[in-house]
Amino acid sequence: MIQLKNIRKSFNGKVVLDDISASFYPGKANFVIGASGSGKSVMMKCMVGLIDVDQGEIFYGPDDFVHKSYEERKLIRKEIGMLFQGTALFDSLSVEDNIAFPLRMFTKMTPEEVLERVNFCLQRVNLPNVNKLYPSNLSGGMKKRVGIARAIALNPKYLFCDEPNSGLDPLTSRLIDELIKEITIEYNITTVINTHDMKSLFDMGDNIIYIYQGKKDWEGEKSLIRSSGNSRLLEFMKASEF
Amino acid sequence: MKFFEHFGNYTLFLLGLFKRPERFKVFAKQTLNEMSSIGVGSFGIVSLISVFTGAVATIQIGVQLVSGLVPDYMLGTFVRDSNIYEFSPTITCLVLAGKVGSSIASEMGTMKVTEQIDALEIMGINSANYLVLPKILAGVLTIPLLVVYSMVLSIIGGALSGVLGDIISADAYVRGLRTDFVPFSVGFALIKATTFAFLITSISAYHGYRTEGGALEVGRSSTMAVVYSAVAVIIFDYLLSDILLAA
């Protein structure tokens, strides 16, 4: 479980995250939604430690990530997988080497064990026999799958997905959604998903957090959204295609 | 003011390279890859430039030695010294500032804007140490070797243009090469080459690593890297000459 407690972040005096507290649950698809510029990407970057918060605490289980040393954070980071909006696959490495990268850096697996794990991860994302291809040889959907395979290579407890459907056609989007949902349940991962895709949210969302101008405006289950009485949230939903 | 800001950030960037090193095995592999990229990848352009620099030096110096007051063979001495002291280390490194510098800056910049560096950081890897230090080490190890190679080729290029152009005989050229040779001249060139290699790789990596935005900014970082590296090479060329030769 991940818990945010009163986190604040500002850039050059402009408050981007204002006193946000929220909980993200294991085995659930925890969605963070909000308009562009609302602060949800900054919040995700704060959660994974790419940006330091000005104030507040971020708990991974019992551990406060914010006040840990670099080495202590590194231990927590090994339990984090992240699927980036643009996939962030290493261009110079093959698919196999991309997925093997964290295994070679952080485990003492033999080359045979690494290959076995890589093949398992590729099978899991329904992408066999692409080991020797490079990211430039893959379609957008395939890149996302390889990104997921790399994210789960170290058996993470926490999975962060930043706009996992951006740039994908509707059919591929649904396949990626199903994959994320399956993995979340199968490995009891605490999955955090930033998205604008309301179809995704209604298909697979469990716990929803709505961010408006840097503040948490609403939190709850998806079934409660329509009866939330939150006019800004309802307007946001209405404006989406769904 | 901007200069001091850059200088401060550059110093912090260099200090950050040595924090939290990654596994030696991984580091060594990265360094070997970079050595291949910088060294082998620059072989062709360095060969071409060196041969022609030596050839042009012979023609231009030969044109000026028409008075008869200076013996013919001294042409070989002048070509040797001008290439070892200045042309090979400085011109080679200025060319490498363009080729290697822009390559490093654009590679780092692209990795930054496509979140590949963020991906490394999230995994708990010191991205500067993992990506930049091998490039600097590879540059410092291979660029001086390229400069030595350039010295040899430029002297051969000088001989070819001198003999084929009927400017000087082969015997006289070789006699000139052997006259008053100062071994420190090669040492001086290697000190310059090592310093320039460090400046080119670190400045280029610094500009690439700080890239924010998209493709346009990657191009801008690449240009900045080449310009700042070339200016640094010229300034340090003067400083090292003043410190090591004039003193």
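In what follows, chains carry the letters A, B, and so on, assigned in the order in which the sequence lines appear, proteins first and then strands, with residues in each chain numbered from 1.
For the options Ile80(A), Leu75(A), Leu154(A), Leu89(A), heavy-atom pairs under 4.5 Å to chain B are most numerous at Leu89(A). Among the candidates Arg77(A), Lys78(A), Gln85(A), the residue making the largest number of heavy-atom pairs closer than 4.5 Å to chain B is Arg77(A). For chain A, the option among Asp118(B), Thr114(B), Leu120(B) with the highest count of heavy-atom pairs below 4.5 Å is Asp118(B).
Checked for salt-bridge contact, Glu107(B) and Lys135(B) meet the test: a charged N lies under 4.0 Å from a carboxylate O. Of the charged side-chain nitrogens involved, at least one lies within less than 4.0 Å of a carboxylate oxygen, so that Arg104(A) and Asp97(A) count as a salt-bridged pair. Classification of Lys157(A) and Asp63(A) as a salt-bridged pair fails, no side-chain N sitting under 4.0 Å from a carboxylate O.
Using a 4.5 Å cut-off between heavy atoms, Phe101(A) touches chain B through its side chain atoms alone.
At least one side-chain heavy atom of Asp237(B) sits under 4.5 Å from a side-chain heavy atom of Phe196(B).
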